[in-house]
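Contents: one structure, followed by commentary.
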Amino acid sequence: MRLIIPFLLLVYCLTQTSGITIEATPGTSDGVVQVVLNQTVSLRCDSEADKELVWLRNGAKIDLKEENKKGSSHVCVSPVIHEDNGATFTCYLHSNASDTASVTLNVTYHPLLSGSEEVKVEEGETLVLQCDTRANPVLLSISWELNGSMVDLLADGFTVTSDGVTSVLRASKVEKSVHEGTYKCTTNSPSYGHSSKLFHVTVTEKTKKFPLMPMIAGLVVVFLTTLLAIVSRWKKIAQCCK
Ligand SMILES: *[C@@H]1O[C@H](CO)[C@@H](O)[C@H](O)[C@H]1NC(C)=O
Ligand SMILES: *[C@@H]1O[C@H](CO)[C@@H](O)[C@H](O)[C@H]1NC(C)=O
Ligand SMILES: *[C@@H]1O[C@H](CO)[C@@H](O)[C@H](O)[C@H]1NC(C)=O
Ligand SMILES: *[C@@H]1O[C@H](CO)[C@@H](O)[C@H](O)[C@H]1NC(C)=O
């Protein structure tokens with residue numbers, strides 16, 4: 001109790017001396033506004049005096065209409081996007097920048113994985129599958145399965161890379177017997193649970209690439225030989241007619 005009472009008094013004093021307050025919808029807790037992706041956040045800044053207010057988003061001034069500056073000022077984020085996560089909105093008096101209040105957005109979102117995709121890959125080529133893994137709070141896990149079993153990274157030439165935005169499964173030199181089948185990527189979020197997407201992968205036969213350049217070279221040789229033959233033959237014929 002001895003510790004708590006001075007702390008409460010301090011908080012009380014701080015809110016009393018500052019003339020600027022921010023009210024947020026949805027509400028704030030400890031200066032953080034909890035909001036789900038695509039929702040709207042509405043912020044209102046009030047000053048005791050009927051004075052001009054300034055709003056900043058991550059330190060950059062927000063353009064306000066003349067009628068939205070004096071005494072009370074509104075800003076609105078609609079809809080909230082991924083990039084708004086962690087953004088700080090600050091309000092202060094134009095005449096006194098030391099009297100300030102701010103709130104930070106905590107935008108929660110998770111990968112919207114669903115449905116299935118048909119993928120065709122030629123034998124010997126590289127298979128690349130991708131899943132969106134952007135999430136707040138961060139995912140507990142990301143997994144890749146082939147025909148219901150975990151993809152064997154060591155045995156079958158697979159690699160998985162994740163950069164927090166996408167998870168990429170790669171298999172180089174694809175073989176029909178090893179790589180064809182149904183792949184599933186699954187993400188597990190602490191707030192939203194599991195989300196999955198399927199990929200039906202078909203490995204097609206290697207198509208015979210038409211050897212165009214050697215063909216052209218061959219044709220040129222045939223043409224030149226014929227031409228030479230005709231020319232030399234023509235000389236003989238011409239000589240004979242002299
Ligand atoms: C958010 O909006 C975008 C674009 O309208 C949409 O594609 C996406 O599915 C929405 N996400 C959520 C979680 O509602
Ligand atoms: C600016 O605001 C702070 C905090 O409210 C206050 O202590 C200070 O006296 C003000 N300065 C002026 C010049 O009004
Ligand atoms: C943001 O919200 C998530 C989900 O409620 C929570 O786990 C996380 O700690 C919050 N982050 C911050 C910085 O408040
Ligand atoms: C996965 O299942 C499909 C359909 O049963 C089968 O054709 C394919 O060979 C299987 N793939 C692997 C790698 O076992």
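Source: prediction; values computed, not measured. Indexing begins at 1, ligand by ligand and atom by atom, following the structure's order.
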Practice task
Answer yes if a protein heavy atom lies under 4.0 Å from atom 9 (O) of ligand 3, otherwise answer no.
Solution key: no
Test item: V160 and W144 side chains (from C-beta on) under 4.5 Å apart, heavy atoms: yes
- Message: Is there a side-chain contact between L113 and C131 in this structure, where contact means two heavy atoms from C-beta onward sitting under 4.5 Å apart?
- Response: yes
- request: Take V168 and V128 through the side-chain contact (heavy atoms from CB on, under 4.5 Å) test and state the conclusion after the steps.
  value: CA-CA 7 Å; V168 183; V128 180; 3.8 Å; yes
Could you tell me whether Y183 and H200 have their ring centroids closer than 6.0 angstrom? no
Query raised in the report: Can you check whether E123 reaches V174 side chain to side chain, under 4.5 Å on heavy atoms?
Result: no
In terms of its nearest heavy atom to atom 1 (C) of ligand 3, the top option of V33, N106, V32, D30 is N106
Atom 7 (O) of ligand 4: closest protein heavy atom, distance to 0.1 Å, is E180 OE1, 4.6 Å
for atom 4 (C) of ligand 1, nearest protein heavy atom and its distance come out as N38 ND2, 4.7 Å
Heavy-atom check, side chain of L127 versus side chain of V119, under 4.5 Å: yes
Residue, atom and distance of the protein heavy atom nearest atom 13 (C) of ligand 4 read V178 O, 3.1 Å
Quick note on ligand 3: atoms under 4.0 Å from a heavy atom of T108 include exactly 2 (O), 4 (C)
The answer for which part of L112 has a heavy atom under 4.0 Å from ligand 1 is side chain
shortest atom 5 (O) of ligand 3-to-protein heavy-atom contact is with Q34 OE1, 4.0 Å
- Decide side-chain contact (heavy atoms from CB on, under 4.5 Å) for C76 and T40; before the verdict, give the C-alpha distance in whole Å, the side-chain angles of both, and the deciding distance to 0.1 Å. CA-CA 7 Å; C76 195; T40 297; 3.8 Å; yes
If you scan protein heavy atoms around atom 14 (O) of ligand 4, the nearest is N147 ND2, 3.5 Å
inquiry  = Are any of the N/O atoms on T182, whether in the backbone or the side chain, positioned under 3.5 angstrom from an N/O atom of ligand 4?
reply    = no
Atoms of ligand 4 under 4.0 Å from any heavy atom of S177, numbered from 1 in the order shown, are 13 (C)
In terms of relative ring orientation, are Y192 and H110 parallel, tilted or perpendicular, with 30° and 60° separating the classes? parallel
